[in-house]
Amino acid sequence: MNVLLVGSGGREHAIVWKLLQSEKIDKLYCAPGNAGISEDAICVPIAAMEIDKLVAFAKENAIDLTVIGMDDPLVAGIVDAFEAEGLRVFGPRKNAAIIEGSKAFSKELMKKYGIPTAKYETFDNYDAAVAYVKDQDLPIVLKADGLALGKGVIICNTLMEALDGLKEIMVDKKFGASGNKVVIEEFLTGQEISVLSFCDGKTVKPMVSAQDHKRALDGDKGLNTGGMGTFSPSRIYTDEIAEDCMKTIFQPTVDAMAKEGREFKGVLYFGLMLTEKGMKVIEYNARFGDPEAQVVLPRLKTDLIDIMEHCIDGTLDEIEIEWSNNAAVCVILASGGYPQSYEKGYEITGLDYVKATNDLIAFHAGTALKDGKFVTNGGRVLGITGVGKTLDEAIVKAYKGVLLVDFDKKHFRKDIGIK
Ligand code: AMP
Ligand code: GLY
């Protein structure tokens with residue numbers, strides 16, 4: 001089979017790594033990919049949002065299956081565009097990707113179908129939103145309705161912060177049209193767990209659990225980032241909790257989407273929080289998480305192409321998905337200064353040592369090739385995943401990799417997996 005993957009981050013490198021294990025692959029393309037991906041797949045210089053060009057490429061190159069890694073093209077309707085040309089594609093259609101693309105939509109869905117989540121109100125009128133927050137307890141959470149590169153959530157500890165935040169989102173339009181509506185919700189506390197799942201529109205099969213460290217500095221301090229590291233499995237997500245989530249969250253969500261005429265096919269990501277009052281949904285995403293994919297996919301034993309084909313065909317109930325009873329930890333190597341300003345272009349050394357092991361993987365996120373050498377080219381540069389029999393073993397392995405790989409201004413957290 002000829003397969004095309006759309007996206008360019010560490011998540012896409014992890015998908016490439018897993019797809020390559022399939023005997024079904026003849027040629028694997030990635031658009032646009034990145035420098036690390038170019039060692040494993042044929043990178044095509046088409047951006048993820050150039051949907052017409054991607055469709056044309058798929059037709060010209062006899063692509064049998066296209067996999068969409070990123071959220072933006074999904075929300076923009078890339079799956080519908082491929083299907084309209086009779087092309088096979090893995091991911092939700094536009095009318096289902098809205099579960100990530102609009103927080104107002106996902107909150108309304110949860111309210112309508114009784115899926116546990118934080119209490120909230122939605123506003124498109126600034127004055128009404130201001131009046132509402134003045135009456136609420138603190139802290140309070142503001143969420144721009146649409147996609148905002150993961151930055152559209154503001155947790156406000158004071159009324160002043162809430163009023164400033166509302167102005168930024170609704171008046172100054174810091175996140176563009178994503179801020180035409182705002183969801184204002186109750187602040188919840190508890191540990192966050194990411195459970196990604198495969199869906200075929202009716203059946204949902206959860207993957208192994210993961211936890212993400214979002215803050216830039218050790219001890220969950222510093223600014224929010226795209227994610228500084230992940231580990232799988234979560235220590236607090238017991239079999240009993242998993243069974244309960246299946247009954248109260250996972251299947252109800254997939255059924256609700258089907259009832260609304262928005263069949264969800266693809267990867268549905270449940271961002272959960274274990275609160276004192278039980279598990280609640282913090283967010284949905286319509287794709288693999290980044291960097292969750294970097295710890296979940298290394299634990300998957302079943303052929304990923306087979307699973308994706310069953311999702312597309314609506315026969316997910318017919319395939320058994322097998323997972324290794326092991327653990328994985330991914331430590332992100334970032335450029336010093338991330339998530340704010342940082343420098344690029346530093347040479348990366350030691351990647352060959354990682355390649356020489358069989359229990360370490362270096363997933364590239366922000367790298368480039370310069371004179372035949374890898375250099376830093378982004379905030380999150382690499383994700384070093386260690387796989388071990390237990391979480392403790394995987395932590396030790398991942399940090400061995402972190403020491404082997406080096407570049408100027410390398411920044412990483414020292415407590416990934418330790419929580
Ligand atoms: P989201 O983009 O919806 O995932 O939000 C980003 C992050 O903000 C989440 O991963 C949580 O850490 C935090 N967050 C979002 N909603 C809430 C909430 N209602 N209470 C507490 N923290 C939240
Ligand atoms: N790790 C969070 C996300 O992928 O949205």
Side-chain angles (χ1 to χ4, degrees), residues 7-12 14-15 69-72 74-75 97 99-107 110 116-122 133 136-157 162 165 169 175 178-179 182-197 207 209-216 220-232 234 267-277 279-297 330 332 339 363 365 379-380 383 416 419:
S8 61
R11 162 184 53 211
E12 282 72 22
I15 299 172
M70 290 174 69
D71 43 11
D72 294 39
L74 288 168
V75 171
I99 199 166
E100 171 168 7
S102 167
K103 294 199 190 283
F105 170 85
S106 67
K107 294 296 290 190
M110 287 185 269
T117 190
K119 286 201 198 74
Y120 77 103
E121 290 293 333
T122 303
V133 292
Q136 301 306 306
D137 292 336
L138 292 163
I140 188 120
V141 184
L142 310 180
K143 300 187 172 184
D145 176 43
L147 294 181
L149 298 168
K151 297 192 176 76
V153 174
I154 310 178
I155 294 170
C156 310
N157 291 307
I169 297 175
F175 308 108
S178 288
V182 67
V183 169
I184 305 180
E185 71 177 33
E186 114 191 78
F187 177 77
L188 300 176
T189 50
Q191 281 206 46
E192 285 182 61
I193 302 160
S194 307
V195 179
L196 287 54
S197 68
M207 303 185 207
S209 63
Q211 279 185 248
D212 186 1
H213 296 261
K214 286 208 163 88
R215 301 295 196 95
D220 287 330
K221 301 216 165 63
L223 295 172
N224 239 343
T225 71
M228 291 301 293
T230 35
F231 59 99
S232 172
S234 155
V267 171
L268 182 53
Y269 166 137
F270 298 90
L272 307 170
M273 190 183 274
L274 187 55
T275 71
E276 276 182 353
K277 292 188 186 147
M279 198 65 99
K280 300 210 174 177
V281 177
I282 291 280
E283 62 163 345
Y284 292 114
N285 292 315
R287 38 131 189 113
F288 282 102
D290 189 343
E292 282 87 346
Q294 291 91 312
V295 286
V296 168
L297 289 176
C330 175
I332 297 293
F363 293 121
R380 287 192 294 176
I416 302 301
K419 85 162 152 183

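Both counts, for ligands and for their atoms, begin at 1 and track the order of listing.
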Undergrad: Suppose we call two aromatic rings close when their centres sit under 6.0 Å apart. Are Phe270 and Tyr284 close by that rule?
TA: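 When the ring centroids of Phe270 and Tyr284 are compared, they turn out to be within the sub-6.0 Å range.
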Undergrad: Determine, using heavy atoms of Tyr269 and all atoms of ligand 2, whether some pair is separated by less than 4.0 Å.
TA: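 Yes.
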Undergrad: Are a donor atom and an acceptor atom from the side chains of Thr230 and Asp212 found within less than 3.5 Å of each other?
TA: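 Note: Thr230 and Asp212 side chains miss the donor-acceptor criterion.
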Undergrad: Between Arg215 and Asp220, is there a salt bridge with N-O shorter than 4.0 Å?
TA: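 No, Asp220 and Arg215 are not salt-bridged.
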Undergrad: Any non-hydrogen side-chain atom of Met207 less than 4.5 Å from a side-chain atom of Val267?
TA: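 Contact flag for Met207/Val267 side chains = yes.
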Undergrad: Distance under 4.0 Å to a non-hydrogen atom of Phe187: what atoms of ligand 1 satisfy this?
TA: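 Answer, ordered by atom number: 20 (N), 21 (C).
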Undergrad: Can you pull out the closest protein heavy atom to atom 3 (C) of ligand 2? Residue, atom name and distance to 0.1 Å, please.
TA: Arg287 NH1, 3.6 Å
Undergrad: What is the minimum heavy-atom distance between Phe175 and Ala148, and which atoms define it?
TA: CD2-CB, 3.7 Å
Undergrad: Under 4.0 angstrom from atom 7 (C) of ligand 1, is there any protein heavy atom?
TA: no
Undergrad: If you count the atoms of ligand 2 from 1 in the order shown, which ones are under 4.0 Å from a heavy atom of Gly289?
TA: 4 (O)
Undergrad: To check your reading of the model: name the closest protein heavy atom to atom 11 (C) of ligand 1, its residue, and the distance in Å.
TA: Glu192 OE2, 3.1 Å
Undergrad: For the OG atom of Ser234 and the CD atom of Gln191, what is their distance to the nearest 0.5 Å?
TA: 7.0 Å
Undergrad: Examine the proximity of ligand 1 to Lys214 and report which part, side chain or backbone, both or neither, has a heavy atom under 4.0 Å away.
TA: side chain
Undergrad: Got Val153 and Glu283 here, is their nearest side-chain heavy-atom distance under 4.5 Å?
TA: no
Undergrad: Got a second to check how far Leu188's CG is from Thr117's OG1, nearest 0.5 Å?
TA: 7.5 Å
Undergrad: Hey, are the side chains of Leu272 and Val281 touching, using non-hydrogen atoms and a 4.5 Å cut-off?
TA: yes
Undergrad: Can you tell me the protein heavy atom closest to atom 1 (P) of ligand 1 and the distance?
TA: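 Going by distance alone, atom 1 (P) of ligand 1 is nearest to Glu283 OE1, 3.5 Å.
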Undergrad: Among all protein heavy atoms, pick the one closest to atom 3 (O) of ligand 1 and tell me residue, atom and distance.
TA: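 Going atom by atom, the protein heavy atom closest to atom 3 (O) of ligand 1 ends up being Lys103 NZ, 3.3 Å.
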Undergrad: Is there a side-chain contact between Met70 and Glu12, using heavy atoms and a 4.5 Å cut-off?
TA: yes
Undergrad: Nearest protein heavy-atom contact for atom 22 (N) of ligand 1: which residue, which atom, what distance?
TA: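 Answer, as residue, atom name and distance: Ile155 CD1, 3.8 Å.
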Undergrad: Run the numbers for me: atoms of ligand 1, each under 4.0 Å from some heavy atom of Lys143, listed by number.
TA: 3 (O), 15 (C), 16 (N)
Undergrad: Please report which non-hydrogen protein atom sits nearest to atom 20 (N) of ligand 1, along with the residue it belongs to and the distance in Å to one decimal place.
TA: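 Here the closest protein heavy atom is Leu188 N, 2.8 Å.
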Undergrad: Do any nitrogen or oxygen atoms of Asp212 lie less than 3.5 angstrom from nitrogen or oxygen atoms of ligand 2?
TA: yes
Undergrad: Mark up the atoms of ligand 1 that fall under 4.0 Å of a heavy atom belonging to Glu185, in ascending order.
TA: 16 (N), 17 (C), 18 (C), 19 (N)
Undergrad: Between Ile140, Val153, Leu147, which one has a non-hydrogen atom sitting closest to atom 5 (O) of ligand 1?
TA: Val153
Undergrad: Measuring from atom CZ of Arg11 to atom CZ of Phe288, what distance do you get when rounded to the nearest 0.5 angstrom?
TA: 9.5 Å
Undergrad: Please classify the Asn285 to ligand 2 contact at 4.0 Å (heavy-atom distances, strictly less than): side chain, backbone, both or neither.
TA: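 Only the side chain of Asn285 comes within reach of ligand 2.
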Undergrad: Of all the heavy atoms in Arg11, does at least one lie under 4.0 Å from an atom in ligand 2?
TA: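 Contact absent.
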Undergrad: What is the closest protein heavy atom to atom 1 (N) of ligand 2, and at what distance does it sit?
TA: Glu292 OE1, 2.8 Å
